[in-house]
Asks: 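Please see the structure below; I have some questions.
Every chain is numbered from 1, with letters handed out A, B, ... down the list of sequences. All values derive from a computational prediction rather than experimental measurement.
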2 protein chains.
Amino acid sequence: MNLESSPLITALQASGHRITRQRRVVLEVLEESREHLDAESLYWKARQRAPRISLATVYRTVAVLKQMGLIAEYSLGEEHGHFEAVPETPHYHFTCLGCGRVVEFDAPQVDRAVQELAERENLEIRAVQFSLTGYCARCRAGGPDGR
Amino acid sequence: MNLESSPLITALQASGHRITRQRRVVLEVLEESREHLDAESLYWKARQRAPRISLATVYRTVAVLKQMGLIAEYSLGEEHGHFEAVPETPHYHFTCLGCGRVVEFDAPQVDRAVQELAERENLEIRAVQFSLTGYCARCRAGGPDGR
DNA sequence: TTGTAAATGAGAATCATTCGCAAAAAACAA
DNA sequence: TTGTTTTTTGCGAATGATTCTCATTTACAA
């Protein structure tokens with residue numbers, strides 16, 4: 001069994017949390033995934049490696065990680081949350097109301113604006129939520145979904 | 001009884017929706033309020049003028065308005081949504097995790113970034129969600145709530 | 001005024017998320 | 001190792017926000 005420490009594991013451990021099989025698995029899934037997973041899919045993927053894990057544990061784990069700033073939660077236009085390991089460089093999301101596709105983009109101007117605001121108002125920013133919804137080029141043109 | 005048409009009423013009517021007493025009241029409350037109301041408080045305020053209105057109708061009304069782009073829904077760090085009539089000039093929110101205060105601010109840089117992105121990628125942007133959470137100056141200094 | 005499609009009220013249903021508690025597992029000390 | 005302590009887990013029940021169902025009412029065009 002792999003006992004290497006991933007960045008997330010190391011950080012968790014350093015903050016005094018216990019490293020359980022369940023947490024290890026959830027973190028692995030989060031690190032390996034390139035998509036934005038919601039709690040349910042995180043749960044099903046985790047179950048492949050830790051069959052007895054419960055949905056509550058998934059929620060508890062992401063809550064801890066979120067509080068530590070290691071992962072971010074997004075709404076992405078749906079009614080339930082999606083999670084993602086916090087990336088090196090911040091990026092944001094556009095969700096198409098037509099086809100549901102999620103496109104990531106970066107926006108240095110926004111990063112700068114946040115930093116300036118924080119300095120000017122003396123704020124400690126913990127999370128930035130910047131997401132756009134609308135219709136993508138394909139759907140505007142009367143795409144596959146025939147909006 | 002006031003039969004004048006507010007901007008929201010006019011827009012609703014123009015789009016082919018019926019103007020009911022309940023909708024009129026919900027719209028009035030939304031227009032008069034300077035705060036970000038959640039469905040529950042919208043419901044209680046509306047009941048003062050239309051005592052038999054139901055919570056479901058409040059939800060249905062904001063759903064229609066939201067879809068028409070007349071009001072915006074925000075998370076504001078809580079688990080339920082908050083609503084606000086869409087303002088002339090866009091503005092955004094900072095929610096303090098310490099004292100819960102919500103501060104509005106504008107960010108022309110962000111507006112510009114959105115516009116540029118939309119043009120470059122040929123997107124039709126319907127909603128912009130930009131909100132920050134963290135600790136305000138007062139709470140960082142060990143404010144009233146004693147974080 | 002009347003006919004009809006749209007909107008409402010009431011409560012049940014749904015869905016995501018959290019809670020409570022006894023049992024299991026980690027961390028730590030001996 | 002082994003025992004002790006404390007955290008975490010699993011399970012199912014509870015919660016809270018939002019949506020749905022459906023019989024009844026209402027707006028509004030003719």
Asks: Other than A:Tyr74, what residues sit in its cluster of Ile, Leu, Val, Met, Phe, Trp and Tyr side chains whose heavy atoms are under 4.5 Å apart, directly or through others?
Replies: A:Leu76, A:Val102

Asks: Heavy-atom count around A:Glu121 CD within 6.0 Å, excluding the residue itself: above 12?
Replies: yes

Asks: Tabulate protein N/O versus nucleotide N/O from nucleotides 15-19 of chain D, keeping only pairs under 3.5 Å, one per line.
Replies:
residue	atom	partner	partner atom	Å
D:dT18	OP1	B:Gly81	N	3.1
D:dT18	OP2	B:Tyr59	OH	2.3
D:dT18	O5'	B:Tyr59	OH	3.2

Asks: Can you name the one residue among B:Arg47, B:Lys45, B:Glu40 that meets side-chain hydrogen bond (donor to acceptor under 3.5 Å, both in side chains) with B:Tyr43?
Replies: B:Arg47

Asks: Is there a donor and acceptor pair closer than 3.5 Å between the side chain of B:Arg18 and the base of C:dA5?
Replies: yes

Asks: Could you report the tightest heavy-atom contact between A:Met68 and A:Ala11, atom names first, then the distance?
Replies: CE-O, 3.6 Å

Asks: Could you check how far CD1 of B:Ile9 sits from C1' of D:dA27, rounded to whole Å?
Replies: 13 Å

Asks: Write down the distance between CZ (A:Arg47) and C1' (D:dC11), rounded to a whole number of angstrom.
Replies: 12 Å

Asks: B:Arg52 near the nucleic acid: base, sugar-phosphate alone, or nothing, with a heavy-atom cut-off under 4.0 Å?
Replies: sugar-phosphate

Asks: To the nearest Å, how far apart are A:Arg60 CZ and C:dC19 P?
Replies: 10 Å

Asks: To the nearest Å, give me how far apart CZ (A:Arg24) and C1' (D:dT9) are.
Replies: 16 Å

Asks: Using whole Å, what does the distance between atom C1' of nucleotide D:dC28 and atom NE2 of B:His17 come to?
Replies: 15 Å

Asks: I'd like to know if A:Arg23 reaches the base of D:dT8 with its side chain such that a donor and an acceptor end up less than 3.5 angstrom apart.
Replies: no

Asks: Give me the atom names and distance for the closest heavy-atom approach of A:Ile71 to A:Ala85.
Replies: CG2-CA, 3.9 Å

Asks: Does the side-chain hydrogen bond (donor to acceptor under 3.5 Å, both in side chains) test come out yes or no for B:Thr57 and B:Gln22, once each step is laid out?
Replies: CA-CA 8 Å; B:Thr57 294; B:Gln22 293 86 333; 5.9 Å; no

Asks: Return the value, rounded to whole Å, for the distance between atom CG of B:Leu65 and atom C1' of C:dA7.
Replies: 14 Å

